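In each ligand, atom 1 is the first atom listed, and ligand 1 is the first ligand listed. All values reported here derive from a predicted model rather than from experimental measurement.
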Amino acid sequence: MSITDFLGPLRLGVNIDHVATVRNARGGGVPDPVRAAVLAQSAGADGITAHLREDRRHIRDDDIERLMAALHIPLNFEMAATDEMQAIALRHKPHAVCIVPERREERTTEGGLEVSKDQNRLSDFVGPLAEAGARVSLFVAAVPEQIEASARVGAAVVELHTGAYCDHHDAGDFKARDAELARIAEAAAQAHALGLEVHAGHGLSYGSVAPVAALREVVELNIGHFLMGEAIFRGLPDAMAEMRRRMDAARVTEAA
Ligand code: PXP
């Protein structure tokens, strides 16, 4: 019998942005992202993530208000580092704030924050949010200087961008995928050593989740687009249960 090692719990944050994308395609009230959030909550999500973009292309201001009222699990409020968003976050006081780069013309959050080039501004930006009680997370690429800078500006958490890793996985370029995974693993260890909590997300699917879930320092994954796509075919609770099963299985390893 082999000895197994449990790496510790891994939280699943469910991103409900793309329920709002479908709603907004018709401009009405359905499907309601808050209903999806409440369903995810009852199906065992550890948190809900919603990104209020500057252009309001999916989540809208009143969704944030309704999410705050409806949820008893933590809301992770994703936003750009703008004065408008800071004021909204300070008004609602969500459990967590994840600061992401935002470019109007991008289809999704394409890169990580350039923390190292913007340290003074980000320190000033993070301070009031942290003082208001939010756990502030910075969405960064797995690059050593970005991790160091994240610790310097006072973030509690870094969320490592898994988009490039997932793109290589989906394209079948396993050499590039494994190189990116190695960078993510190193960044996770570096961030943990600096006292930062480590999250990861973007583009994760059933096929790509296990190696990221198996990183000891990672304590939360935020997953949206793939889960909502699966939910169309099998329902959200079932889609989440399969993701959870794969995450949990990856946390149990053979001890060295
Ligand atoms: N984490 C962050 C910071 C994101 O910006 C996103 C996408 O909004 C996600 C996780 C989830 O990515 P996906 O929808 O591709 O699962």
- Query: Do the two ring centres, one from Phe139 and one from His161, sit under 6.0 Å apart?
  - Reply: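 That pair passes the under 6.0 Å test.
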Review point. Can you list every pair that meets side-chain hydrogen bond (donor to acceptor under 3.5 Å, both in side chains) and has a residue in residues 124-136, with sequence neighbours left out?
Key: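 side-chain hydrogen bond (donor to acceptor under 3.5 Å, both in side chains) check on residues 124-136 returns Arg135-Glu197.
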| task | Enter the distance from Leu204:CG to Leu221:CG here, rounded to the nearest 0.5 Å. | result |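 If we round to the nearest 0.5 Å, Leu204:CG and Leu221:CG are 6.0 Å apart.
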message: Measuring from atom CD of Gln41 to atom NE2 of His72, what distance do you get when rounded to the nearest 0.5 angstrom?
response: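 It is 3.5 Å, given to the nearest 0.5 Å.
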Arg244 versus Leu12: any side-chain heavy-atom pair under 4.5 Å?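 A side-chain contact exists here, since the closest heavy-atom pair is under 4.5 Å.
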For ligand 1, output the ligand-protein N/O contacts shorter than 3.5 angstrom; if there are none, return none.
from, atom 1, to, atom 2, distance (Å)
ligand 1, 1 (N), Glu159, OE2, 2.5
ligand 1, 5 (O), Glu78, OE1, 2.8
ligand 1, 5 (O), Glu78, OE2, 3.4
ligand 1, 5 (O), Thr109, OG1, 3.4
ligand 1, 8 (O), Asn15, ND2, 3.4
ligand 1, 14 (O), His225, N, 2.8
ligand 1, 15 (O), Gly203, N, 2.8
ligand 1, 16 (O), Gly224, N, 2.8
ligand 1, 16 (O), His225, N, 3.4

message: Check this for me, if you would: do Arg66 and Asp63 make a salt bridge, where the nitrogen-to-carboxylate-oxygen distance has to be below 4.0 angstrom?
response: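 Between Asp63 and Arg66 there is a salt bridge, with a charged N closer than 4.0 Å to a carboxylate O.
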